[in-house]
There are 2 protein chains.
Amino acid sequence: MTREPKKISMKVVPRLSQYYRIIYDRDSKDMVSSNDLSVATGFTAAQVRKDLTYFGQFGYPGKGYNVGELKGSLKRILGLDRRWRVAIIGTGNLGMALLGYRGFREQGFEIVAAFDFDKRKTGRVINGVKVFDIGQLRRVLEKNGINMALLTIPRNSAQNTADELVKCGIKAILNFAPVNLKLPSGVKARNIDMSMELESLSFLSVQNGEQE
Amino acid sequence: MTREPKKISMKVVPRLSQYYRIIYDRDSKDMVSSNDLSVATGFTAAQVRKDLTYFGQFGYPGKGYNVGELKGSLKRILGLDRRWRVAIIGTGNLGMALLGYRGFREQGFEIVAAFDFDKRKTGRVINGVKVFDIGQLRRVLEKNGINMALLTIPRNSAQNTADELVKCGIKAILNFAPVNLKLPSGVKARNIDMSMELESLSFLSVQNGEQE
DNA sequence: TAGATTGTTAATCGATTAACAATC
DNA sequence: TAGATTGTTAATCGATTAACAATC
């Protein structure tokens, strides 16, 4: 297999996701060109080719990329050929919504447990997923081979709980709390901050908005 | 007031949000330096000063920035001194979760209506917000002075519904569907794509992960 | 063959940082 | 005053794009 180079900018990764999404339901026997992907994404064709060559040579000069092969390569590059076993920490509005979302499993992310601090919320089974008391964290994570956590708890308990997760060996955290988590270097995190997105939208609208 | 310059990179906006968040609950009489903000955010102090000077001169050489003044300036820059009246389109898991989230109102984003395609879901009142049939879109948007929409509907109906919103005069859309919406130039959108974030996290973990 | 399209180099563009005079 | 910190310029760094030889 193609050798993974040392350091890839995180800027390319969402673009790889987009390429993957675009070819996801195309016929594996078809070919797709960097220009096709350019049109579909809005990135330049040069950008597309560059992004892909960071990881190897997947194309055929004069022909383009074979959809099936590219799908497989992107899947491997994005780590979607692994088995991700996911815990949801916090069963408030957002945690419950994610629990009910079927799209994740399809992409290879399987939600296998949920946790809450509130005894009144624990013990329930939602969508086939049991809600455990946070005190059971280590036991349940280990027993179920969980290797990813979605953090959907309030801001002020996020750092402490993240620390707990790290102690239990979790190395991948998707954080929805509006805090910059401090994490040891081996632990990877991504943040989704909805308030920040609303503010960006607000900014855009005000800066070059309608009747200003 | 300070003159807004022509073109600001969208890269600065999330940083402004962070500065705002950090000083949000500090005493307005205090001073904060670019170095303080650097430590709190992880950006360089030069970055902090540069970001702010795009919008004017807010600091006092030798002193730093006055928290109260900076808070006010950032609020204005981000458009949070406006009144945002928000509709949620789609009352599935995610739409319902956003409906129940109290944090938005505090930041000036007031959810005033929800919409769904499914007649069985309309008519209900959740958290004080009524769920209307999508057929009522124009009437309800206009009657309530709604100027922002959160799009939480499945992928395949997202573009059509966004077109409807645009026709009704909506100029700001926060899109949760995993599609690149095609929108006329006056309409601003931001995307939150949870699957893409999961994929980025997966990539990070696999590329420079544990035992590779 | 002629036409299409890759992979890659070099040129361009844009964003970040270092450094420092001006200011309090 | 001495020390601190801004605003801003110039230097650096990194990412994007244009261009084209190699390939099918």
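Sequence lines set the chain letters: A, B, ... in the order given, protein chains first and strands last, and positions in each chain run from 1. These figures come from a predicted structure and were not determined experimentally.
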| request: Go through the steps to decide whether I89(B) and I134(B) satisfy the test side-chain contact (heavy atoms from CB on, under 4.5 Å), and finish with yes or no. | output: CA-CA 8 Å; I89(B) 320 295; I134(B) 194 81; 3.8 Å; yes

| remark: For residues 175-184 of chain A, the salt bridge (charged side-chain N to carboxylate O under 4.0 Å, His left out) pairs (sequence neighbours left out) are none

| task | Could you state the atom-to-atom distance from CD of Q47(B) to P of dA19(C) in whole Å? | result | 17 Å

| With sequence neighbours excluded, residues passing side-chain contact (heavy atoms from CB on, under 4.5 Å) with R105(B) | E110(B)

| Nucleotide dA22(C), atom C1' - distance to OH of Y60(B) in whole Å | 17 Å

| field | Partner residues of K11(A) under the salt bridge (charged side-chain N to carboxylate O under 4.0 Å, His left out) criterion, sequence neighbours left out | value | none

| field | Whole angstrom value for the distance that separates P of dC24(D) from OH of Y65(A) | value | 14 Å

| request: Using salt bridge (charged side-chain N to carboxylate O under 4.0 Å, His left out) as the criterion, list what pairs up with D30(A), not counting sequence neighbours. | output: none

| Got a donor-acceptor contact below 3.5 angstrom from the S205(A) side chain to the L201(A) backbone? | yes

| request: Kindly determine whether E69(A) and Y60(A) satisfy side chain to side chain donor-acceptor pair (under 3.5 Å), including the steps that lead there. | output: CA-CA 11 Å; E69(A) 287 174 21; Y60(A) 301 92; 2.8 Å; yes

| field | Distance, rounded to the nearest Å, where F58(B) contributes CZ and dT6(D) contributes P | value | 14 Å

| Side chains of N160(B) and E164(B): donor-acceptor distance under 3.5 Å anywhere? | no

Any N/O pairs under 3.5 Å between the protein and nucleotides 1-4 of chain C? List them or say none.
none

Identify the pairs formed between an N or O of the protein and an N or O of nucleotides 8-14 of chain C at a distance under 3.5 Å, and give each distance.
from   : atom 1 : to     : atom 2 : distance (Å)
dT8(C) : OP1    : Q57(A) : OE1    : 3.2

| message | For DNA chain C, which residues of residues 31-40 of chain B approach it to below 4.0 angstrom with any heavy atom? | response | none

| How about L198(B) and F104(A): do any of their side-chain heavy atoms sit closer than 4.5 Å? | yes

| message | Does anything in residues 197-208 of chain B form a salt bridge (charged side-chain N to carboxylate O under 4.0 Å, His left out)? List the pairs, not counting sequence neighbours. | response | R190(A)-E197(B)

| said: Below the 4.0 Å mark, does dT16(C) have OP1 or OP2 next to a side-chain nitrogen or oxygen of T44(B)? | reply: no

| field | Test: E142(A) and R138(A) ion pair at under 4.0 Å | value | yes

| field | Pair pattern of DNA chain D in dot-bracket, where unpaired bases get dots and | marks partners in another strand, Watson-Crick or G-U under 3.5 angstrom | value | ..||||||||||||||||||||||

| query | Closest nucleotide of DNA chain D for A45(B) versus for V12(A): which of these residues is on the 5' side? | reply | A45(B)

| message | What's F43(A) touching, base or sugar-phosphate or nothing? Going by heavy atoms closer than 4.0 Å. | response | nothing

| query | When the distance from CG of L16(A) to P of dA15(D) is rounded to whole Å, what number comes out? | reply | 14 Å

| task | Find the distance L52(A):CG to dT5(C):C1' and express it as a whole number of Å. | result | 13 Å

| message | For residues 32-55 of chain A, which residue pairs pass the salt bridge (charged side-chain N to carboxylate O under 4.0 Å, His left out) check, not counting sequence neighbours? | response | R15(A)-D51(A)

| task | Rounded off to whole Å, could you give me the CG-to-P distance for the L70(B) and dT5(D) pair? | result | 15 Å

| salt bridge (charged side-chain N to carboxylate O under 4.0 Å, His left out) partners of D81(B), counting only residues at least two apart | none

| message | Holding to side-chain hydrogen bond (donor to acceptor under 3.5 Å, both in side chains), I want the full list of residues that pass it with R155(A), two or more places apart in sequence or in another chain. | response | none

| query | What is the distance from CG of N66(B) to P of dC24(C), rounded to the nearest Å? | reply | 15 Å

